[in-house]
Amino acid sequence: MSRILSYEEKDTWIHRLSGVTKLIFFLLWSITCMISYDTRVLAVMFVLSLIIFAMSKTKWKQVGTVFKFIMFFLCINLIAIFFFSPTQGTKIYGTETPICHLFGNYTLTKEQLFYEANVMLKYLTIIPAVFMFIVTTNPSEFAASMNKVGIHYNIGYSVALALRYIPDVQDDFAKIKHAQEARGIEMSKKASFASRIKNMAAIIFPLVFSSMDRIDIVSNAMELRGFGKNKKRTWYSAKPFKRNDYITLGVVILFTIVAFCITFQDGSRFYNPFV
Amino acid sequence: MKPIIEFKNFSFKYRSQKEATIKDINLAIYPGEKVLIVGPSGSGKSTLAHCINGLVPFAYKGEITGTYTINGQNPHDLGIFGLSKLVGTVLQDTDGQFIGLTVAEDIAFSLENDMVPQPEMFERVAKVAETVEVQSVLGHAPGALSGGQKQRVSMAGVMIDQVDILLFDEPLANLDPATGKRAIELIDQIYRQDKTTVVIIEHRLEDALTCGADRIIVIGDGRIVADMTPDELLPQDILQQEGIREPLYVTALKYAGCKLAKEDHPADIQTMDREGHLAGYKGQVRDWFTQTRVPKTEQEREIILEVKNLDFAYRKDKPVLKDVSFRIHKGEMLSIVGKNGAGKSTLSNLICGFLLPDQGSISLHGEDILERSIKERGESIGLVMQNPNQMISKTMIFEEVALGLQVRGVAPEEIETKVFDTLKICGLYPFRNWPISALSYGQKKRVTIASILVMNPDIIILDEPTAGQDYRHYTEIMEFLKGINKEKGITIVMITHDMHLMLEYTDRALVIAEGQLLADKRPSEVLTDDVLTKKAYLKRTSLYDLAVGCGINPPSDLVDCFIYYERENGRKMEETEPCQEY
């Protein structure tokens with residue numbers, strides 16, 4: 001059974017890369033993508049994202065639900081941008097090319113459309129990278145790599161531990177839900193949305209309490225085995241840097257520099273096709 | 001020789017408590033000894049264990065008086081980390097204590113914290129994995145292992161530090177009987193190989209004694225009540241007084257009026273028999289056996305639930321249940337037993353409608369219920385989960401018990417009468433306006449049973465109703481269930497690993513192994529059947545050896561006699577009332 005958004009072991013070159021490489025790639029990729037509004041750069045990154053995503057052999061089943069969820073918010077976001085600042089495009093690109101008048105003060109312009117298309121492209125470029133990073137990086141290796149880039153292992157370990165418990169909590173959730181349903185608390189679509197939300201409390205409560213039990217046990221277990229003894233620790237699952245890691249890092253850094261050069265070539269982070 | 005663990009006039013009081021939990025402890029454990037610490041829940045035995053591994057006072061704060069040393073050193077100077085180099089602790093909850101994502105990482109955890117370089121870690125993990133025979137699963141997630149493997153992995157995780165003392169906190173709690181036996185054997189093997197000092201805390205004395213022990217320390221109400229060899233302890237009545245169950249054969253011998261002596265080596269029935277100590281008691285046991293007349297109660301009862309040719313699989317190539325058929329009669333108390341992961345829980349999930357079978361039928365009162373929803377089935381079949389915390393969703397007792405009725409739209413006045421009635425049956429009426437958080441574990445369990453009972457189901461299914469409970473709480477919960485079974489005629493089905501529970505409280509056992517129903521017969525027959533117990537990972541009862549030693553055939557008759565005698569003359573614990581002192 002494949003779980004939503006969790007690490008799955010596969011044998012691809014992406015999986016074999018060290019967690020540090022993937023973390024650095026992920027950070028640089030996201031930063032570039034967030035800063036640049038250069039359509040050409042974003043378009044190239046988008047295509048690359050898709051290629052890398054395909055190479056990681058990630059299945060739709062692993063990410064589908066979350067993807068739809070994000071798409072939903074993306075749509076809301078795009079509509080909201082239009083309603084709250086319909087002239088943002090004009091402000092940025094300095095021209096106004098109306099397509100049609102909608103209602104009141106709202107006029108659809110080419111600039112606005114182009115601007116929002118860029119926003120969407122950014123989302124679409126980052127999402128595959130996020131998914132790929134999560135499903136190809138072993139959580140404990142992730143902790144190890146956070147530690148390597150200078151973050152204290154406490155933080156990395158908390159994240160890894162949270163990821164480690166996701167499946168357990170999902171199982172608990174299913175168990176508790178069933179037991180409560182048997183008691184008559186309707187969780188299926190038969191109940192109205194409002195009462196389903198209310199009934200969720202009947203699951204969340206026990207879930208929180210049984211999770212608290214877990215936390216108590218695991219923190220004792222960790223302490224008894226010397227967690228937190230030293231300022232540093234080593235990692236069983238850390239992957240040493242290999243040739244591919246150096247190559248990847250080199251390519252990524254080079255790409256970032258080039259992307260920034262192209263983006264800021266004309267002094268603005270927007271690519272302007274209207275002038 | 002100098003003791004490796006030494007307590008002198010030692011007391012400890014938790015910060016949140018008024019009185020000391022352990023008082024005036026004088027105890028010396030020597031290197032290479034294997035010591036069993038037994039005592040009822042709340043006796044302070046876990047606190048004593050925490051003092052040894054450093055959770056007290058470093059994680060659980062409180063006040064210490066008196067002195068104690070571990071390996072001749074003062075624990076305060078060592079700190080919890082220093083202690084962890086001397087004492088390796090295997091916690092009770094094997095699932096909860098896994099930290100690593102894979103078996104290998106979990107074993108390596110303490111090495112990582114010690115900043116051991118990676119190549120050395122690989123080497124040491126591989127070596128210790130070989131000792132406990134988990135080398136083939138190093139890359140797996142700990143959660144995916146069997147109960148026995150989990151236990152081995154947690155042992156490996158502490159053995160990797162080459163500790164001087166191994167401390168086991170209720171190692172048998174979550175294991176099926178056969179796996180538990182193997183765990184005890186593994187502990188014994190490590191103890192012999194490495195000459196490690198071993199301290200085992202357990203209330204399942206008979207199982208823990210499988211491989212013998214140098215000494216048993218009995219803790220009662222925070223004090224050491226006895227500190228002697230098993231052979232010295234068993235002839236006495238200390239264990240019963242403290243509410244710890246003796247090995248069954250010892251109780252049986254005592255019922256028969258035999259006066260045991262330590263020279264008889266009562267610590268092991270097989271040794272007793274082999275060395276001829278049993279011979280002298282043979283006559284007495286046979287007399288007792290013939291005098292106790294077990295009435296035959298074979299009456300035809302109405303069938304309440306029928307399961308026919310049930311098949312289920314999550315994945316086509318891996319069937320979980322294959323062609324399972326059985327009937328449950330009205331008013332029965334029935335147990336479902338078998339190895340961890342044999343399909344017992346799947347079966348209850350199918351009956352409750354959480355899962356749908358691939359084939360077969362389930363009918364209630366002769367009506368097919370496969371079409372019914374979870375909620376509809378829940379009105380006739382109630383499920384009580386193992387951990388009460390997994391069910392309780394309200395803060396007040398009344399609200400929790402009323403929940404099932406409320407969501408079914410029952411009128412408030414009717415709810416009140418029904419809830420109060422149920423609370424009275426469950427002995428919870430005095431607490432009706434209490435917050436649930438103020439209750440003990442056993443009382444919480446009652447609340448969850450009450451919240452099912454209030455809906456007046458025909459059948460209640462309980463998953464491990466007594467897991468982790470000591471003999472007193474066990475008796476309390478089981479007598480209560482027996483009571484509602486008798487008074488309200490409710491059919492009770494229990495999924496359990498506890499062979500005593502199955503023997504003592506159920507009339508029939510369904511034995512499941514590898515997804516198939518292996519047997520459907522009296523518990524006394526199941527537990528005296530060598531082939532069956534092996535196949536289903538159960539453990540043959542020691543009464544079998546006693547029967548064979550005394551020439552009683554079939555051995556299941558002696559078991560029936562024992563259970564009957566105990567029910568009638570019961571040297572049971574007095575029914576414990578829920579404590580009133582809050």
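Because the structure is predicted, anything quoted here is derived from the model rather than measured. In what follows, chains are A, B, ... by sequence order, proteins preceding strands, each numbered from 1.
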Contact origin within [X] toward chain B - heavy atom pairs under 4.5 Å:
X	answer
A:Leu224	both
A:Tyr153	neither
A:Gln180	side chain

Enclosure of [X] [atom1] (heavy-atom neighbours >12, cutoff 6.0 Å):
X	atom1	answer
A:Lys175	NZ	no
A:Lys59	NZ	no
A:Met212	CE	no
A:Phe26	CZ	yes
B:Glu123	CD	no

Notebook entry, point to check: Any donor and acceptor pair, going by atom type alone, linking the side chain of B:Asn113 with main-chain N or O of A:Asn230 inside 3.5 Å?
Noted result: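 No.
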If you count heavy-atom pairs within less than 4.5 Å of chain B, which of [options] leads?
options	answer
A:Gly226, A:Ala179, A:Ala174	A:Gly226
A:Met222, A:Arg214, A:Lys232, A:Glu9	A:Met222
A:Asn220, A:Leu161, A:Ile203, A:Asn138	A:Asn220
A:Leu207, A:Val208, A:Asp172, A:Ile217	A:Ile217

Next item on the list: In sequence, state the C-alpha distance, the side-chain angles, and the governing distance for A:Glu223 and B:Ile80, and then conclude on side chain to side chain contact (heavy atoms under 4.5 Å, CB included).
Entry: CA-CA 8 Å; A:Glu223 199 155 15; B:Ile80 192 163; 3.7 Å; yes
Which atoms of [X] are under 4.5 Å from chain A, going by heavy atoms: the side chain, the backbone, both sets, or neither?
X	answer
B:Gln118	side chain
B:Arg377	neither
B:Glu400	both
B:Ile107	backbone
B:Tyr60	side chain
B:Met385	side chain
B:Met391	both
B:Ile392	backbone
B:Asp106	both
B:Lys394	neither

Best-contacting candidate, [options], against chain A by heavy atom pairs under 4.5 angstrom:
options	result
B:Gly404, B:Pro388, B:Gly88, B:Gly157	B:Gly157
B:Leu383, B:Val125, B:Asn349, B:Leu405	B:Val125
B:Pro457, B:Ala104, B:Ala59, B:Gly54	B:Ala104
B:Val87, B:Val116, B:Thr89	B:Val116
B:Ile374, B:Val407, B:Ile452	B:Ile374
B:Asp161, B:Asn387, B:Leu111, B:Leu403	B:Leu403

Note to self: Would you compute the distance between atom NZ of A:Lys229 and atom OG of B:Ser84 and round it to the nearest 0.5 angstrom?
What the structure shows: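 If I round to the nearest 0.5 Å, the distance is 4.5 Å.
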Notebook entry, point to check: Does the pair B:Ile99 and A:Phe227 meet the rule for a side chain to side chain contact (heavy atoms under 4.5 Å, CB included), with working shown?
Noted result: CA-CA 11 Å; B:Ile99 305 157; A:Phe227 186 78; over 6 Å; no
Notebook entry, point to check: Given side chains that start at C-beta, do those of A:Arg233 and B:Phe109 come closer than 4.5 Å, heavy atoms only?
Noted result: yes
Check: Under 4.0 Å between a Lys/Arg side-chain N and an Asp/Glu carboxylate O for A:Arg225 and B:Asp114?
Finding: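 The answer is no: the pair does not qualify as a salt bridge.
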Next item on the list: Let me see the working for B:Lys375 and A:Arg183 under side chain to side chain contact (heavy atoms under 4.5 Å, CB included), right down to the final yes or no.
Entry: CA-CA 7 Å; B:Lys375 186 180 168 185; A:Arg183 286 172 74 186; over 6 Å; no
Check: How far apart are the closest heavy atoms of A:Phe205 and B:Thr395, and which atoms are they?
Finding: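 Heavy atoms of A:Phe205 and B:Thr395 come nearest at CZ-CG2, 4.1 Å.
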Notebook entry, point to check: What are the two closest non-hydrogen atoms of A:Ala202 and B:Ser393, and how far apart are they?
Noted result: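 Minimum heavy-atom separation between A:Ala202 and B:Ser393: O-CB, 3.4 Å.
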Checklist line | Contacts with chain B made by residues 234-246 of chain A (heavy-atom distance under 4.5 Å), listed by residue number | finding: A:Thr234, A:Trp235, A:Tyr236, A:Ser237, A:Ala238
Notebook entry, point to check: What residues of residues 139-147 of chain A sit under 4.5 Å from chain B when you count only heavy atoms?
Noted result: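 A:Pro139, A:Ser140 fall under the 4.5 Å cut-off.
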